[in-house]
Amino acid sequence: MRVLLTGAAGFIGSHIHRALADAGHEVIALDLMLPAAHGAAATPPPGVHQVDVRDPEGLDAHLHGIDAVCHQAAVVGAGVSAQDAPAYAAHNDLGTAVLLAAMDRAHCRHLVLASSMVVYGEGRYRGAATDFVPGPRARTDLDRGVFDHRAPSGEPLDWTPIDEDAPLRPRSLYAASKVAQEHYALAWATATDSTVTALRYHNVYGDDMPRDTPYSGVAAIFRSALEAGEPPRVFEDGCQARDFVHVRDIAAANVAALERPLDSFTTLNVASGHPITINEVATVLAAACGGKAPVVTGEYRSGDVRHIVASPEKARRILGFAATITPARGLTEFATAPLRAASGTGAPTWR
């Protein structure tokens with residue numbers, strides 16, 4: 001198969017590039033090499049073309065004879081401030097729209113889209129009698145150290161795995177852009193009789209992950225603290241539940257989705273299936289590298305969700321994909337894995 005891969009020089013994209021090549025596919029690799037992601041003086045690695053997905057002519061030059069597109073290019077992270085909104089809209093949403101139009105001109109009808117768990121917003125919760133999807137937590141509760149959701153009756157709620165039929169309630173700029181990408185892809189699939197598999201990644205980590213920047217994942221932030229001889233600082237009470245999925249499993253899911261087109265538009269959680277708390281993540285990393293024990297601070301970030309845990313059953317059932325690396329194994333390996341040097345410290349420009 002001849003595959004166009006966007007974002008090919010990034011953390012996830014570079015792993016997908018290798019996995020596709022190892023599977024025998026021909027990869028046409030593109031990356032804009034944004035300074036905010038790769039550093040001011042970065043040049044494309046060998047075999048990667050420097051192309052902006054917002055450039056129709058640049059895309060047209062590389063889409064000839066392409067069987068499928070794996071779209072990873074995006075500005076990532078939750079967004080540091082409202083001033084980041086134009087960057088997310090320009091790179092993620094406009095970039096996806098331009099790519100879809102170019103695919104239509106090239107008669108390329110299969111897209112694998114990098115989406116994210118953030119499209120759900122808060123996770124799913126269960127009370128004594130029913131499921132709930134609660135609204136945002138009140139700042140007054142967070143200030144008092146009350147982090148868990150409660151039902152309208154006041155009863156405590158336990159998290160339950162969220163599936164792909166859950167409503168989309170984005171609560172960050174990045175999440176809003178990912179929802180928009182899915183919506184553009186759905187409309188494109190319908191209009192062109194094409195297939196889209198949107199892979200909703202959960203917390204991705206692994207070797208070659210960027211170091212501590214405002215847009216880094218929490219696992220990399222904990223790593224940076226431990227390497228500096230400091231304890232990882234865990235927000236809230238550390239009991240926030242997440243699903244951490246290794247980047248090699250993310251790459252394997254993309255290969256599977258490219259090789260097995262599904263129905264017109266299909267969304268799939270890509271997760272390990274082994275929930276873990278944030279404090280457990282910090283504890284595993286600290287133990288694996290002999291660092292200081294984590295400190296639970298009680299601090300919080302506005303807009304953070306309490307729990308978000310995936311059900312990976314749909315991907316297993318219809319794609320035949322299941323992650324093979326548990327968080328316990330993967331995080332232990334990650335504690336001493338090579339990371340990328342810190343690059344940008346803010347959102348990229350959007351023009």
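A 4.5 Å side-chain heavy-atom check between R200 and K178 finds every atom pair outside the cut-off. Using a 4.5 Å heavy-atom threshold, the side chains of H25 and L258 count as separate. Between L34 and V75, some side-chain heavy-atom pair lies under the 4.5 Å cut-off. Between S115 and T267, the closest side-chain pair of non-hydrogen atoms is not below 4.5 Å. Side-chain atoms of T160 and Y125, non-hydrogen and from C-beta on, never get closer than 4.5 Å to each other. Using a 4.5 Å cut-off on side-chain heavy atoms (C-beta onward), D243 and H274 make no contact. At a threshold of 4.5 Å between non-hydrogen side-chain atoms, the residues M103 and T192 do not count as touching. Taking the side chain as every heavy atom from C-beta outward, F334 and V284 never approach each other to under 4.5 Å.
Note on V196 and I318: separate hydrophobic clusters, where clusters join Ile, Leu, Val, Met, Phe, Trp and Tyr whose side-chain heavy atoms are under 4.5 Å apart, directly or indirectly. Linking ILVMFWY side-chain heavy atoms closer than 4.5 Å, directly or via other members, places I221 and V295 in two distinct hydrophobic clusters. Both F11 and V112 are assigned to one and the same hydrophobic cluster, defined by single-linkage of ILVMFWY side chains at heavy-atom distances under 4.5 Å. Under the 4.5 Å side-chain heavy-atom criterion for Ile, Leu, Val, Met, Phe, Trp and Tyr, F265 and L319 are members of distinct hydrophobic clusters. If you chain together hydrophobic residues whose side chains sit under 4.5 Å apart, L199 and V245 fall into the same group.
How far CG of L63 is from SG of C108: 6.5 Å, rounded to the nearest 0.5 Å. Here the CZ atom belonging to R223 is positioned 7.5 Å from the SG atom belonging to C289, to the nearest 0.5 angstrom. In this structure, CG in L5 is found 6.5 Å from CG in L20, a value given to the nearest 0.5 Å. For the atom pair M209 CE and I12 CD1, the distance stands at 8.5 Å (nearest 0.5 Å). The structure places CG of L113 at 10.5 Å from CH2 of W188, a figure rounded to the nearest 0.5 Å. Between D163 atom CG and D165 atom CG the span is 5.0 Å, to the nearest 0.5 Å.
Under a 4.0 Å N-O distance rule, the pair R109/D104 qualifies as a salt bridge. Note on D158 versus R126: no salt bridge recorded, every NZ/NE/NH1/NH2 to OD/OE distance being 4.0 Å or above.
Under the 3.5 Å distance criterion, the side-chain polar atoms of K292 are left unmatched by any main-chain donor or acceptor of A286. The backbone N or O of V3 sits nowhere less than 3.5 Å from a side-chain atom of D67 that would complete a donor-acceptor pair. With hydrogens and angles disregarded, a donor-acceptor distance shorter than 3.5 Å links the side chain of D31 to the backbone of A9. No side-chain donor-acceptor contact under 3.5 Å links E236 to the backbone of E299. When atom types are taken as modelled, the side chain of H307 and the backbone of A241 share a donor-acceptor pair closer than 3.5 angstrom. Under the 3.5 Å distance criterion, the side-chain polar atoms of R169 are left unmatched by any main-chain donor or acceptor of G135. Here the side chain of Q181 pairs no donor or acceptor atom with the backbone of V179 at under 3.5 angstrom. The main-chain N or O of A74 is never found under 3.5 Å from a side-chain atom of N92 such that the two would form a donor-acceptor pair. Listed for the R340 side chain is a donor-acceptor partner under 3.5 Å among the backbone atoms of D208.
When the options V53, L32, T96, V76 are evaluated for a side-chain contact (heavy atoms from CB on, under 4.5 Å) with H91, the one that passes is L32. Considering I325, V204, I278 as possible partners of F244, the one that fulfils the side-chain contact (heavy atoms from CB on, under 4.5 Å) test is I278.
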Please walk me through it: do R242 and I308 pass side-chain contact (heavy atoms from CB on, under 4.5 Å)?
CA-CA 5 Å; R242 298 289 189 271; I308 175 72; 3.5 Å; yes
When you look at T297 and F235, which way does the side-chain contact (heavy atoms from CB on, under 4.5 Å) test go after all the steps?
CA-CA 5 Å; T297 68; F235 282 9; 3.6 Å; yes
As a quick check of understanding, evaluate side-chain contact (heavy atoms from CB on, under 4.5 Å) for T266 and K314, giving each step before the final call.
CA-CA 10 Å; T266 304; K314 184 178 177 184; 4.1 Å; yes
Could you walk me through whether D148 and R306 pass salt bridge (charged side-chain N to carboxylate O under 4.0 Å, His left out), step by step?
CA-CA 7 Å; D148 281 314; R306 178 58 172 167; 2.9 Å; yes
Is there a side-chain contact (heavy atoms from CB on, under 4.5 Å) between R171 and Y120? Walk through the geometry before answering.
CA-CA 8 Å; R171 295 188 182 172; Y120 299 120; over 6 Å; no
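Side chains of S311 and N269: a donor-acceptor N/O pair is absent below 3.5 angstrom, by distance only. Using modelled atom types, one finds a donor on one side chain and an acceptor on the other under 3.5 Å when comparing Y201 with N254. Using a 3.5 Å distance cut-off with no hydrogens or angles, the side chains of Y300 and R137 do not pair a donor with an acceptor.
Between H62 and H49, the two ring planes are tilted [angle within 30° to 60°]. Relative ring orientation between Y205 and H246 is described as perpendicular, the plane-to-plane angle rising above 60° on a 0-90° scale split at 30° and 60°.
Considering all non-hydrogen atoms of both residues, L59 and L99 come closest at CD1-CA, 3.7 Å. Between A29 and G47, the closest heavy-atom pair is CB-O, 3.6 Å. Minimum interatomic distance between S272 and A323 (heavy atoms only, all atoms of both residues): CA-CB, 3.8 Å. Residues F222 and L285 share a closest heavy-atom pair of CB-CD1, 3.8 Å. Heavy atoms only, all atoms of each residue included: G206 and V247 are closest at CA-CG1, 4.0 Å. Nearest heavy-atom pair across A114 and Q72 is CB-OE1, 3.3 Å.
No more than 12 heavy atoms of other residues, nucleotides or ligands sit less than 6.0 Å from atom CG of D193. For CG of D22, the number of neighbouring non-hydrogen atoms (other residues, nucleotides, ligands) closer than 6.0 Å is greater than 12.
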